Amino acid sequence: MNWWRSLIAMVIAVPIVWLLASGMGRDPREIKSPLPGKPAPDFSLPVFRVPDSSSGTTVAPSGGLRVGDTVRLAQHKGEVVVLNFWASWCLACRDEHRVLSDVASAYAGTNVHFFGVLYQDIPENGRRWISGMGGQTYPSLEDPKSLTAIDYGLYGVPETFFIGRDGRVALKHVGPVTPELLRTQIERLRGSTFSPGDTALGRRAQ
Amino acid sequence: MLLVLVALPMVSADAQRPRTDAELDSLTRSVASQLRCPVCQGESILDSPASLAQEMRTLVRTQLAEGKSPDDVKAYFVSKYGEWILLAPPASGFTLLVYALPLAALLVGAAVVFFAVRRWTGAPPPATEEPEARIDS
């Protein structure tokens, strides 16, 4: 009788313990994005700041863009696009700003385009922040009503999306980017079109 | 949820007619109450004062005004954020466990109580017989 009771207790307890243990090992802030592998949502956003040479760094060609012009993702089909959502109130964005600007400069004149999208902020704050940080080497776009942010399933900033030449989201990265991550992903996307087996998930910023 | 169920046949029956402001308000509240605010802790976008939640509410209303059904609007948010965005997970696949387990636990508990009570009520006779026997003697 005792072994029978023990067996029943085990059958009930083991799945519960397994469920709780798997929950303990998971970061509750890590949320899987359904976007990697899918076509990147198109956007049409106004430019509120273009790169200037006053920062002393090499600037990515803005393609004749001027403040007030509109950037459409569909215009960049066949090119690699790095879309970085940021805000002037975001501390982690400070950490990655120089990295993004440097790597964007390195790819100036290639088929790789960087765009910064301001999230839950006003362009005036964004402009002041960029000046305070020593400039930005790629165009900054404004996202009124956060429609593009919602379209990209944004949780917070910074979040960076890598869009391949086939127009699909290859990777969503949550948190500050590193030069290694940028170069690895960009080179992978420049070299070949996206293959679904390569999808990776971002991690929630701390 | 109830509101959506009540509202759905009304919408499908007369899909061509633009929704009135009152209908839009009520549907927006219903859909917004089912969507999780991404920047909050366990709050719906209806309850949250966060600006992203406000913008999501506006988007819900805009999509409903365009003639989308509440299910279409929810499907849009699920396609962007995953099923995490739904405060109540769908009763299918793995998440069916969330609904099935409490019911299973209730049934198992009821069975345990039933057998325990039967055993307790079945036990007394030998205990009551003994004192009677003593009195008789």
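Bear in mind the structure is a predicted one, so any value in this text is a computation, not a measurement. Residue numbering restarts at 1 for every chain, and letters A, B, ... go by the order of the sequence lines.
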Requested in this report: Can you check whether anything in residues 48-65 of chain B gets within less than 4.5 Å of chain A, heavy-atom wise, and list it by number?
Outcome: B:Ser51, B:Leu52, B:Glu55, B:Met56, B:Leu59
**Report entry** Contact origin within B:Val108 toward chain A - heavy atom pairs under 4.5 Å
**Finding:** neither
Please tabulate, for side-chain N and O atoms in residues 78-85 of chain A, each donor-acceptor pair with protein atoms closer than 3.5 Å (sequence neighbours left out).
residue, atom, partner, partner atom, Å
A:Glu79, OE1, A:His76, ND1, 2.8
A:Glu79, OE1, A:His113, NE2, 3.3
A:Asn84, ND2, A:Glu96, OE2, 2.9
A:Asn84, ND2, A:Thr160, OG1, 2.9

Side-chain atoms of residues 7-24 of chain A: list all donor-acceptor pairs with protein atoms under 3.5 Å, sequence neighbours left out, distances to 0.1 Å.
residue, atom, partner, partner atom, Å
A:Ser22, OG, A:Trp18, O, 3.3
A:Ser22, OG, A:Leu19, O, 2.8

Query - Minimum heavy-atom distance between A:Pro34 and B:Gly82, given as atom pair plus value - result: CG-N, 3.4 Å
Requested in this report: Could you tell me which non-hydrogen atom of B:Lys80 sits nearest to which non-hydrogen atom of A:Leu35, and how far apart they are?
Outcome: O-CG, 4.4 Å
**Report entry** salt bridge (charged side-chain N to carboxylate O under 4.0 Å, His left out) partners of A:Arg94, counting only residues at least two apart
**Finding:** none
Query - Closest non-hydrogen atom pair between A:Leu154 and B:Tyr81, with its separation - result: O-OH, 2.9 Å
Query - Option that, when pairs with chain B are counted at under 4.5 Å, heavy atom only, ranks first among A:Gly153, A:Pro41, A:Ala149, A:Ser146 - result: A:Gly153
